[in-house]
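Read through the structure below, which is laid out as structure tokens, and then see the notes.
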Amino acid sequence: MLNKVVIVGGGTAGWMTASYLKAAFGDRINVTLVESGHVGAVGVGEATFSDIRHFFEFLGLKEKDWMPACNATYKLAVRFENWREKGHYFYHPFEQMRSVNGFPLTDWWLQQGPTDRFDKDCFVMPSVIDAGLSPRRLDGTLIDQPFDEGADEMQGLTMSEHQGKTQFPYAYQFEAALLAKYLTKYSVERGVKHIVDDVQQVNLDDRGWISGVTTAEHGDISGDLYIDCTGFRALLINKALDEPFISYADTLPNDSAVALQVPMDMEKRGIMPCTTATAQDAGWIWTIPLMGRVGTGYVYAKDYLSPEDAERTLREFVGPAAADVNANHIKMRIGRSRNSWVNNCVAVGLSSGFVEPLESTGIFFIHHAIEQIAKNFPNEDWNPNQRVLYNRSIAHVMDGIREFLVLHYVAAKRQDTQYWRDTKTRAIPDSLAERLEMWKTQVPDSESIFPYYHGLPAYSYMCVLLGMGGIEMKPSPALALSDPAAAEREFAAIRDKTRRLTETLPKAYEYFAQHH
Ligand SMILES: Cc1cc2nc3c(=O)[nH]c(=O)nc-3n(C[C@H](O)[C@H](O)[C@H](O)COP(=O)(O)OP(=O)(O)OC[C@H]3O[C@@H](n4cnc5c(N)ncnc54)[C@H](O)[C@@H]3O)c2cc1C
Ligand SMILES: N[C@@H](Cc1c[nH]c2cc(Cl)ccc12)C(=O)O
């Protein structure tokens, strides 16, 4: 029976993998995690997709179990500031797109939008976010949803099986190091063997399969399946097994970041229930509000900006609160391994692939990979088709998200610096170029976006195209023949629901002050 797993690396990827495999297979699987006491985790990775709740559900964890330990808050959207022009902003929310007479409401908005804000006209949550409110009332009840949050059929679905069934209204923001610490305790309590040591050598047999890893002080550690969670170093998959890395740098030039963890009195500041991406001269700055601090950082391209200037810009952006905070400069490896599962080694996390965190996809990649490992867990036959199916799924998710991120830059209207002008002339994936031509004629739908599961619905593409403002979008010609009354009623219903919620929901800080 093949059941000995060795995980190398103890960042978010390592401990999410260890905890999930233990939850999936219990004592029928033997998991050892070895992590260096000298090589630090990347130290960022704080905003997520809403799908991450399936991870916590799978582990049997409720929000009250883990959120307070991770200073976690809710994320209702990404707020894109200054991407169209300075002073402009829009939201990419977690909210199902409404349709009227077979056309998405954004199509009707292009025909007869009530205002110039597609997001506030077509969705409810942007106004809730603008008011700094919580999606849960002080008694913990969630705003009314087109589905029952606690319904049994919601449990046990993987993300790809769940896609499109419903849209949960929020994701999370949390301290990555505290989540890793929480999952360490969860994992060790369930039998994961935790070794703090440096892996100094990866040993291969004559087939090129991993036969063990040699550590500085704990000798050789061997198992059946090795999971590379060593971050950008990719010690096992790219270094030891020499699996090629496919760079996305030709279409996504941002390769650097500088991050600050800024202590903040959130009671005084208030909590914006969203992640903010503020465009800058050579990239963008993320702002993630947590309980007790703000996580922030400048993602940029070193060809356009030096690390020193990036840090200076970030400190000026944050203001005096950043004065005594140390900066964490990070080189980002953008792209993916050609295959993330090679022989008896699977890479998860940064070792497998990464794109800049513009839509908070790193932890989504980890979660998706872990679900697929559990689904394709091998036996002693080591059926190569399992590796083929796994690698295809991972490649699709990363290539799909890469296209979606490139769309942000292609569609962004601003061209006030060379960096932004170059976003309009830089190469884009051929498949995206074809889709863009279609979207200029008809708003994205499930048939015209990236065709394989990559975690995003068509309305995410609509938000980027309508928000960024650089690509002219037209309504479907058929709408000129259609009766607008039903769409006008839908817009009015959204305004009514928005009013009811903004008049009754608590402030985000008020909710967390009671529930942390
Ligand atoms: C600037 C930036 C911002 C990001 N923001 C987000 C975000 O908002 N949302 C999101 O979902 N994702 C985000 N990500 C991605 C997220 O940070 C990662 O997906 C997540 O941290 C997982 O990292 P990891 O565990 O793969 O690697 P790491 O955190 O780098 O961990 C690597 C581990 O390997 C160990 N290790 C390395 N070498 C050895 C060795 N020889 N022996 C033993 N152990 C070793 C280290 O000790 C460490 O424990 C961001 C990434 C970057 C770079
Ligand atoms: N499955 C993802 C898709 C998604 C839908 N809306 C958003 C908004 C943002 Cl900021 C990221 C991701 C998404 C999810 O539901 O999380």
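All ligand and atom numbering here is 1-based and tracks the order in the structure.
- For the pair D51 and ligand 2, the shortest N or O to N or O distance falls below 3.5 Å.
- Here the side chain of K302 pairs no donor or acceptor atom with the backbone of S256 at under 3.5 angstrom.
- Among all protein heavy atoms, the one lying closest to atom 11 (O) of ligand 1 is I363 N, 2.7 Å.
- The distance from ligand 1 to the heavy atoms of W286 drops below 4.0 Å at these ligand atoms: 1 (C).
- Contacts of E35 with ligand 1, taken as heavy-atom pairs under 4.0 Å, involve both backbone and side chain.
- For ligand 1, the polar-atom distance check against F354 finds no nitrogen or oxygen pair separated by under 3.5 Å.
- Both cation-pi conditions hold for R79 and Y89: the charged atom is under 6.0 angstrom from the six-membered ring centre and inside a 45 degree cone around its axis.
- The R233 neighbourhood of ligand 1 comprises atoms 37 (C), 38 (N), with distances under 4.0 Å to a heavy atom of that residue.
- For a threshold of 3.5 Å applied to N or O pairs, the pair formed by V44 and ligand 1 contains at least one separation below that value.
- Looking only at protein heavy atoms, the nearest one to atom 30 (O) of ligand 1 is V42 N, 3.2 Å.
- Considering backbone and side-chain atoms alike, V39 places an N or O below 3.5 Å from some N or O of ligand 1.
- The closest side-chain donor-acceptor pair between S460 and H92 falls under 3.5 angstrom.
- Residue contacts with ligand 2 for M159 are absent, since no atom lies close enough (heavy atoms, distance under 4.0 Å).
- For ligand 2, the atoms closer than 4.0 angstrom to any heavy atom of S50 are 14 (C), 15 (O), 16 (O).
- Annotation: F80 is in aromatic contact with H408 [ring centroid separation under 6.0 Å].
- When heavy-atom distances to ligand 2 are checked against a 4.0 Å cut-off, A171 has no atom that comes that close, whether in backbone or side chain.
- A salt bridge is absent between R312 and E308: the closest approach of a Lys/Arg side-chain nitrogen to an acidic carboxylate oxygen does not fall below 4.0 angstrom.
- Ligand 1 places these atoms under 4.0 Å from at least one heavy atom of G349: 26 (O).
- The shortest N/O to N/O separation between G40 and ligand 1 does not fall below 3.5 Å.
- Distances shorter than 4.0 angstrom do not occur between any heavy atom of S360 and any atom of ligand 2.
- Between F364 and ligand 1, not a single N/O pair is under 3.5 Å apart.
- Residue G14 has no N or O atom closer than 3.5 Å to an N or O atom of ligand 1.
- A distance-only check finds a donor-acceptor pair linking the side chain of S351 to the backbone of D228 [under 3.5 Å].
- At distances below 3.5 Å, not a single donor-acceptor pair connects side-chain atoms of R190 with backbone N or O atoms of A23.
- Looking only at protein heavy atoms, the nearest one to atom 3 (C) of ligand 2 is G455 O, 3.1 Å.
- There is no side-chain donor-acceptor pair under 3.5 Å between D309 and Y298.
- The side-chain tip of R98 does not point at the ring of F123 from less than 6.0 angstrom away and within 45° of straight on.
- Close N/O approach between A47 and ligand 1 is found [any backbone or side-chain N/O within under 3.5 Å].
- F94 CE2, 3.6 Å is the protein heavy atom nearest to atom 13 (C) of ligand 2.
- Both the sub-6.0 Å distance and the 45° axial angle are not jointly satisfied by R84 relative to the ring of F90.
- Closest to atom 42 (N) of ligand 1, if we only count protein heavy atoms, is V199 N, 2.9 Å.
- Among protein heavy atoms, atom 10 (Cl) of ligand 2 sits closest to V78 CG2, 3.2 Å.
- Ranking protein heavy atoms by distance to atom 5 (C) of ligand 2, first place goes to Y459 OH, 3.1 Å.
- Between A41 and ligand 1, no pair of N/O atoms sits closer than 3.5 Å.
- Both the backbone and the side chain of A13 come within 4.0 Å of ligand 1, counting heavy atoms alone.
- E403 and H454 form no side-chain donor-acceptor contact under 3.5 Å, judged by distance and modelled atom types alone.
- Here's the thing with S36: one of its N/O atoms is less than 3.5 angstrom from an N/O atom of ligand 1.
- With 3.5 Å as the limit, one finds a donor-acceptor pair spanning the side chains of E63 and Y172.
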